[in-house]
Novice: 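Quick one: structure below, then a few questions.
Owing to the predicted nature of the structure, the values given are computational and were not obtained by experimental measurement. Throughout, residue positions are numbered sequentially from 1 according to the sequence presented.
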Amino acid sequence: MKKKCIWAVIVSALSLVLLMSGCISNQVLNDTPNGTSGSSAATAMDDSNQSDSITIMISGTMNPEDASPIESSTEMCLYEMVYEPLVKYGNGGVIEPGLAERWEINDNGTQYTFYLREDVKFSDGTIFNADSVVSSAKHWEPTKFSTPLTNVEKLDDYTVRMTFKENCYPVLIELTYPRPFRIASENSFDTNGNFVKMIGTGEWMVKSYIPEEEVVMAPNPYYYGTKPSIKKITIRKVTDGGSRIMALQSGEADLSLADLPSEGKSIIESSKDLAVKNAEGTMGFFLMLNQENKILQDKNVRLALNYAIDKDSIVDYILGGDGVVAKGILPDTVPYVTDENSEGYSYNPEKAKELLAESGYTDTDGDGIVDKNGVPLSLKLVFQSEEYSSWKPMCEYLQAAGKEVGIDIRLEQRDTSAYYDAIWKNRNFDMIIYRTYEDSWNPHGFLRSMFYQAEGGMSVCWYDPQLNKYLDEVIKTQDESTRQAKYDQIFRLINDGALIVPLCNPDKQYAYNTRLQNVTVAPTTYEGIEWQTITIAK
């Protein structure tokens, strides 16, 4: 009965929030070189309904002036639309030709020779060739690869050779990332090497923008591939999930690359003008635990947190069934993840209470919260809801679930900037809800980003010396079966040590106006949609 009451309150609150959500700003860009702001709601509506123009919504940072191909927090779809890689991450993780038509790897796996396309120009009309690759590589940080890049040399006008320190299997995969190894024009940088403008070989170019509000994209007139039938894409930043739903309803926006609240699912399903593209995801939501917190250094407390959570209810009530229960840190759509190496923990609140009692936590004053030596078991859970609208109700549920086993979970909502500062800079949290990376970054890139501790550095998520050793070994393992065995060790250590709390694995979903036809999900979430296939109903 208690659980039903908890969910009734949360679902009712969600519905009220959606009904009260405001619409997105109607401000729209004029098509001027300086990106000055435009006119009225009528203009915005006209733009999104033109036969050759669409408006899409994102939730992340949107500053093209900072969108260096090397390092920036700008929305990933901009990188995918403007910059291209030497090789692409295709469906199922197959490495496909990009700016390189083909490639060869020497016998010891340290040299990669790329044979480049000869029909490519940047959006400013300059020629793409071997010099372009060498020029871009000068801006790369060599140690960002799994093994340091030691040399990049031009063999002829359309052949480039890259030499790496060691043979590491993920090198080609890392070259597919949206950043930091994309190819940009020399004119993207000034004479001092500072980034000044997004200029790539991709099918789109930045026409104008208002920082943190809108970016207007136009087709690259020199693009060598399939030309898009769309002549203009307006990318609009909308940080509230309810507002994204309402923008789709009203026709202000045509498609959302950003997360939508599950309580808006019935609105989309009941509208003849809206549809959703679904695909299995490679992302997981989980709780990161602060290793510096002495309470969380107790494995029994970490286990209790895992047992206290009814993940089926999270998927059913918060995701609306559009996802699966998370067992391990990464979903089984990711290579090397198996049922055996990522068993997870079932919902068992009584087991959680037993584990806490074993560690000396009891409710001595009858207030419902366990304590030890007179100190209540209280943990601060940090979250944000601009990028993932489901995180607020998810954290509210976690707070209720914690109370059921005697743990006081204090919620602290932050804006996106402060939220990421907590992860990457000041570690000002006890627990923080986070998401894994996706597609090409999984598993090795994400695991190393979270758990690996370089000499003199500090791991982001949790440090374990044995795990560090395994992460070093696996990227140098060439035999596939041996590599699987190494990943088994990695995932089991994370699982058995309860180093994190897995929550759920959401599906990829893109809601759109049905005036868009031939909407196709791209191979990577960072690209989102295959823009060149979209047509607009007349």
Novice: Count the heavy atoms of every other residue, nucleotide or ligand shown that sit under 6.0 Å from CG of Asp119, and state whether that count exceeds 12.
Specialist: yes

Novice: List the steps and the verdict of salt bridge (charged side-chain N to carboxylate O under 4.0 Å, His left out) for Arg102 and Glu104.
Specialist: CA-CA 7 Å; Arg102 59 189 179 90; Glu104 296 171 355; 3.6 Å; yes

Novice: Is the distance between the ring centroids of Tyr463 and Tyr452 under 6.0 Å?
Specialist: no

Novice: What I'd like to find out is whether the side chain of Val370 reaches to under 4.5 Å of the side chain of Pro376, using heavy atoms alone.
Specialist: no

Novice: Ring centres under 6.0 Å, that's the criterion: do Phe383 and Tyr419 meet it?
Specialist: no

Novice: Is it the case that the side chain of Asn442 and the backbone of Pro331 share a donor-acceptor pair, with hydrogens and angles ignored and the cut-off at 3.5 Å?
Specialist: no

Novice: Please check: side-chain N/O of Ser390 versus main-chain N/O of Ile318, any donor-acceptor pairing under 3.5 Å?
Specialist: no

Novice: Do NZ/NE/NH1/NH2 and the carboxylate oxygens of Arg414 and Asp421 come within less than 4.0 Å?
Specialist: no

Novice: Would one find more than 12 heavy atoms of other residues, nucleotides or ligands at under 6.0 Å from atom NZ of Lys403?
Specialist: no

Novice: Test your reading of the model: is there a side-chain donor-acceptor pair from Ser256 to the backbone of Ala258, 3.5 Å cut-off?
Specialist: yes

Novice: More than 12 heavy atoms of other residues, nucleotides or ligands under 6.0 Å from NZ of Lys144: yes or no?
Specialist: no

Novice: For residues Tyr526 and Trp441, establish whether the separation of their ring centroids is below 6.0 Å.
Specialist: yes

Novice: Any chance you could measure Ser59, atom OG, to Asp259, atom CG, to the nearest 0.5 Å?
Specialist: 7.5 Å

Novice: Quick one: does any side-chain atom of Asn290 pair with a main-chain N or O of Met431 as donor and acceptor, under 3.5 Å?
Specialist: no

Novice: Assign the ring pair Phe114 / Trp103 to parallel, tilted or perpendicular, where the plane angle (0 to 90°) is split at 30° and 60°.
Specialist: tilted

Novice: To the nearest 0.5 angstrom, please state how far the OH atom of Tyr347 sits from the CG atom of Asn306.
Specialist: 13.5 Å

Novice: Does Arg302 use its side chain to pair, donor to acceptor, with the backbone of Gly497 at less than 3.5 Å?
Specialist: yes

Novice: Can you measure from NE2 (His444) to CZ (Arg483) and round to the nearest 0.5 angstrom?
Specialist: 10.5 Å

Novice: If we ignore hydrogens and angles and just use 3.5 Å, is the side chain of Glu438 paired with the main-chain N or O of Thr282 as donor and acceptor?
Specialist: no

Novice: Going by the angle between their ring planes, with limits at 30° and 60°, are Phe189 and His139 parallel, tilted or perpendicular?
Specialist: parallel

Novice: Taking Ser68 for its side chain and Ile70 for its backbone only, find out whether a donor-acceptor pair lies under 3.5 Å.
Specialist: yes

Novice: Please test Glu80 against Arg182 for salt bridge (charged side-chain N to carboxylate O under 4.0 Å, His left out), starting from the C-alpha separation and ending with a verdict.
Specialist: CA-CA 9 Å; Glu80 291 282 4; Arg182 295 275 166 133; 3.2 Å; yes

Novice: For the residue pair Thr201 and Phe128, what are the closest heavy atoms and their distance?
Specialist: CG2-CB, 4.3 Å

Novice: Does a sphere of radius 6.0 Å around CD in Glu186 hold more than 12 heavy atoms from other residues, nucleotides or ligands, not counting ones at 6.0 Å or beyond?
Specialist: no

Novice: What are the two closest heavy atoms between Tyr79 and Pro69, and how far apart are they?
Specialist: CE2-CA, 4.0 Å

Novice: Using a 3.5 Å distance criterion without hydrogens, assess whether the side chain of Asp190 forms a donor-acceptor pair with backbone atoms of Asn192.
Specialist: yes

Novice: Could you point out which residue of Asn341, Val334, Thr338 forms a side-chain contact (heavy atoms from CB on, under 4.5 Å) with Phe491?
Specialist: Asn341

Novice: Does Arg435 reach the side chain of Tyr437, with side-chain heavy atoms less than 4.5 Å apart?
Specialist: yes

Novice: Between Thr524 and Glu527, is there a donor-acceptor pair closer than 3.5 Å when you use the side chain of the first and the backbone of the second?
Specialist: yes

Novice: For residues Trp140 and Phe181, establish whether the separation of their ring centroids is below 6.0 Å.
Specialist: yes

Novice: Are the side chains of Ser188 and Phe122 in touch, meaning some heavy atoms are under 4.5 Å apart?
Specialist: no

Novice: Is it the case that over 12 heavy atoms from other parts of the model lie below 6.0 angstrom from the CD atom of Glu280?
Specialist: no

Novice: Please lay out, stage by stage, how Lys237 and Glu212 fare under the test salt bridge (charged side-chain N to carboxylate O under 4.0 Å, His left out).
Specialist: CA-CA 7 Å; Lys237 180 174 180 176; Glu212 287 293 72; 2.8 Å; yes

Novice: Looking at Tyr345 and Asn495, what are the two nearest heavy atoms and their distance?
Specialist: OH-O, 2.8 Å

Novice: Going from SG on Cys461 to CE on Met450, what distance comes out if it is rounded to the nearest 0.5 angstrom?
Specialist: 6.5 Å

Novice: Working to the nearest 0.5 Å, report the span between CD of Glu84 and OG1 of Thr176.
Specialist: 13.0 Å

Novice: Mind checking the CG-CZ spacing from Asn468 to Arg448? Nearest 0.5 Å is all I need.
Specialist: 8.0 Å

Novice: Could you check if a side-chain atom of Val474 sits within less than 4.5 angstrom of a side-chain atom of Ile490, using non-hydrogen atoms only?
Specialist: yes

Novice: With heavy-atom distances below 4.5 Å as the criterion, would you say the side chains of Glu387 and Thr416 are in contact?
Specialist: yes

Novice: For residues Ile173 and Ser440, report the shortest heavy-atom separation together with the two atoms involved.
Specialist: CG2-O, 3.2 Å

Novice: For Lys327, look at atom NZ and say whether over 12 heavy atoms of other residues, nucleotides or ligands are found less than 6.0 Å away.
Specialist: no

Novice: Between the main-chain N or O of Met62 and the side-chain N or O of Thr74, is there a donor-acceptor pair closer than 3.5 Å?
Specialist: no

Novice: Do the side chains of Glu473 and Lys486 get close enough for a salt bridge, i.e. N-O under 4.0 angstrom?
Specialist: yes

Novice: Locate the shortest heavy-atom distance separating Val315 from Cys504; write the atom from each residue and the value.
Specialist: CG2-CB, 4.0 Å

Novice: Flag the pair Phe285 / Trp391 as yes when their ring centroid distance falls below 6.0 Å, and as no otherwise.
Specialist: yes

Novice: Would you mind checking if Lys154 and Asp131 are paired as a salt bridge, meaning a charged N to carboxylate O distance below 4.0 Å?
Specialist: yes

Novice: Between Lys277 and Tyr510, is NZ or CZ placed under 6.0 angstrom from the six-membered ring centre and within 45° of the ring axis?
Specialist: no

